[in-house]
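Here is the structure we will look at.
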2 protein chains.
Amino acid sequence: MGPEFQLIDAFVAAAAASPRGPRGPGDDAAVLPRGRGEICVTVDAVVEGVHFRRASSRLEDVGHKALAVNLSDLAAMGARPRWALVALGVPRGFRIADARRLGAGFGALARQSGTALVGGNVTRAPGLALTVTVGGEVAPGRALRRSGARPGDRVWASGTLGDARLGLALLERRGGPEARRLRGAPRLARMAIERQRRPVPRLALGAALVGVASSCIDLSDGLVQDARHVAAASGVALDLDGGLLPVSRALVAAYPDGRARARAAASGGEDYELLFTAPAGREAAIRRLSGRLGLELTRIGEVRRGRGVHLRGTGTARVHGFDHLA
Amino acid sequence: MGPEFQLIDAFVAAAAASPRGPRGPGDDAAVLPRGRGEICVTVDAVVEGVHFRRASSRLEDVGHKALAVNLSDLAAMGARPRWALVALGVPRGFRIADARRLGAGFGALARQSGTALVGGNVTRAPGLALTVTVGGEVAPGRALRRSGARPGDRVWASGTLGDARLGLALLERRGGPEARRLRGAPRLARMAIERQRRPVPRLALGAALVGVASSCIDLSDGLVQDARHVAAASGVALDLDGGLLPVSRALVAAYPDGRARARAAASGGEDYELLFTAPAGREAAIRRLSGRLGLELTRIGEVRRGRGVHLRGTGTARVHGFDHLA
């Protein structure tokens with residue numbers, strides 16, 4: 001058996017305590033039982049030199065993040081994760097111990113989220129790349145869509161925005177004055193870096209929003225850019241208030257100016273929070289949900305007739321998103 | 001909108017005449033309806049510099065092959081393809097027109113095989129990489145497994161073996177005397193190259209083998225290496241006869257010596273034919289199936305008690321497979 005099989009074995013063994021599919025790794029394809037609901041499927045890749053650098057990332061974190069960004073998509077659909085497939089691209093010199101560390105990070109989140117690793121593939125690649133496919137289940141006809149926002153609905157965001165982008169700037173030792181201001185606050189800096197390295201998919205929130213939210217999307221490319229998808233799919237305009245965007249103490253320390261802070265919160269990518277809309281009458285239910293989940297849910301704007309995303313309170317007409325190809 | 005969206009649009013538009021999923025590309029995840037059977041899922045990647053070179057491959061062929069190698073896994077399970085997700089890694093300088101050509105090759109096979117492109121993802125990568133996930137349906141409990149071979153069963157292979165590996169040697173302008181011998185036979189050389197570039201997944205065969213074959217696997221790593229998986233999963237030995245292996249006229253021309261030819265047929269990877277076992281009493285049914293499908297099905301050996309794969313008639317004790325990491 002070649003190194004291909006040894007790497008698969010090491011990854012699977014490390015990730016293995018995750019619940020297994022009924023007929024897991026070991027055949028040409030995994031066979032999944034029929035569930036009671038509809039299946040949501042999505043795929044996302046984490047690529048060395050694009051989404052992380054080996055020098056500044058632990059492989060456990062890379063394994064975690066590769067699964068987390070996919071689970072975040074399921075969260076945005078209101079789906080419960082069921083299974084995952086992993087396609088691993090490994091550069092020369094990638095060791096068995098490396099595969100084990102990658103698998104450990106993946107496996108911890110898989111266990112925690114109830115995701116069964118049911119199969120995968122290893123191939124040589126110029127740099128390390130993990131492409132993860134996940135399947136989740138949602139009651140028939142109940143998946144949260146981008147297309148359901150209606151004029152009069154309120155716009156909500158979970159958690160805090162902009163931290164992951166700030167964390168990236170800190171990791172890369174760039175980012176100008178904002179990063180310098182955090183040098184005196186190492187705990188805040190660590191929090192921002194942690195959010196960049198180990199995003200938390202909002203699965204419990206997504207599942208609880210089924211029947212409550214009118215539309216939902218996860219924030220991977222930045223608030224404004226992702227909000228545009230909701231506006232376009234729903235055929236409405238989203239009015240967002242920069243002054244209402246939820247921010248962490250780290251963002252406040254990094255951006256003392258309120259409008260600059262709002263710009264950072266509105267444009268930072270990789271937050272993996274949920275942006276959702278809901279009828280005005282659902283406000284009390286959403287506030288109760290926030291308390292039950294221990295997760296901040298903030299009203300940041302309103303849906304109206306029209307098109308596009310309109311963000312006020314940032315001191316600029318245009319706020320750009322985060323382009324993964326940039 | 002950034003180049004990310006333009007590349008997705010170009011790929012999807014080119015692949016688009018493929019049957020769409022009920023809620024195809026355009027949300028955080030695709031929502032699939034409940035089918036009547038069990039779902040088989042698998043993932044495989046095609047990576048520039050590993051599985052193909054831009055200099056010697058047309059992008060249409062790369063798009064075709066990325067889907068074909070996955071459909072081949074579904075064929076080996078006896079499953080009918082239903083949907084696919086595509087994760088595209090694109091290097092700098094990859095153009096909209098390139099995405100269109102890639103999508104065209106993918107889409108033609110998707111249409112032909114009834115595979116709906118339901119979603120995907122584009123990211124920057126050091127080289128072009130297509131990671132494709134496919135889902136197929138099989139009647140509950142009827143999937144073909146690697147583990148069902150029983151002593152006394154016959155071993156069968158579809159099509160001809162070794163051509164794709166020969167085609168690779170020709171493409172790479174190496175391969176020594178065998179490649180030189182084909183210089184005088186350009187049609188045979190083109191056939192071998194075509195098998196390397198555009199493998200044909202044996203979907204109709206796989207589906208027809210449900211209820212007939214006792215085990216099945218697709219030949220991606222080479223006959224001996226893949227046969228080992230069947231032997232191990234089934235807890236049996238496979239006795240294969242090198243003199244019986246089905247070979248093309250191209251292989252005969254490239255390897256005039258019968259034992260060298262058998263070694264080439266037994267070790268060449270990427271044939272994407274099916275290797276299957278069936279009870280002796282099924283021989284007549286399999287020969288009828290061969291006629292109906294217009295596809296050569298050849299009895300190449302027998303299953304017996306024991307372990308491992310034993311290949312005679314090659315003049316050597318060991319025949320190695322094809323390691324995708326080598």
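The figures here come from the full heavy-atom set of this structure, side chains too, leaving out hydrogens, waters and symmetry mates. Quick note on labels: first sequence line is chain A, next is B, and so on, each numbered from 1.
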Is it the backbone or the side chain of B:Val86 that comes under 4.5 Å from a heavy atom of chain A, or both, or neither?
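Contact with chain A involves the backbone of B:Val86 alone.
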Check step by step if side-chain contact (heavy atoms from CB on, under 4.5 Å) holds for A:Glu38 and B:Leu32.
CA-CA 6 Å; A:Glu38 287 177 320; B:Leu32 308 169; over 6 Å; no
Would the distance check show the side chain of A:Thr123 and the main-chain N or O of B:Ala45 forming a donor-acceptor pair, the cut-off being under 3.5 Å?
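Here the side-chain-to-backbone pair does not exist.
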So, A:Asp27 side chain and B:Arg146 main chain: donor-acceptor pair closer than 3.5 Å or not?
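Between the backbone of B:Arg146 and the side chain of A:Asp27 there is a qualifying donor-acceptor contact (under 3.5 Å).
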Based on non-hydrogen pairs under 4.5 Å, which of B:Asn70, B:Val41, B:Asp44, B:Val134 is most in contact with chain A?
B:Val41
I'd like to know which of B:Gly37, B:Pro140, B:Gly127 tops the heavy-atom pair count under 4.5 Å against chain A.
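Highest number of heavy-atom pairs under 4.5 Å: B:Gly37.
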Enclosure of B:Arg54 CZ (heavy-atom neighbours >12, cutoff 6.0 Å):
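Yes, because the 6.0 Å sphere around CZ of B:Arg54 holds more than 12 heavy atoms from other groups.
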Testing B:Asn121, B:Thr133, B:Thr131 one by one against A:Thr133 for a side chain to side chain donor-acceptor pair (under 3.5 Å), which residue passes?
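Single pass found, and it is B:Thr133.
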How far apart are the closest heavy atoms of A:Val50 and B:Arg124, and which atoms are they?
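Where A:Val50 meets B:Arg124 most closely, the heavy atoms are CG2-O, 3.3 Å.
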Can you see which heavy atom on A:Val43 is nearest to which on B:Gly120, and at what distance?
CG1-CA, 3.9 Å
Not counting sequence neighbours, which residues clear side chain to side chain contact (heavy atoms under 4.5 Å, CB included) with B:Ala129? List them please.
B:Val47
Can you sort out the partners of A:Glu137 under salt bridge (Lys or Arg N to Asp or Glu O under 4.0 Å), two or more places apart, ordered by chain and number?
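Once residues adjacent in sequence are excluded, the partners of A:Glu137 under the salt bridge (Lys or Arg N to Asp or Glu O under 4.0 Å) criterion are A:Arg82.
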Just wondering, do A:Asp28 and B:Arg145 contact through their side chains at under 4.5 Å, heavy atoms?
no
Tell me, for A:Leu88 versus chain B, whether the close heavy atoms (under 4.5 Å) come from the side chain, the backbone, both or neither.
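For A:Leu88, neither part sits under 4.5 Å from chain B.
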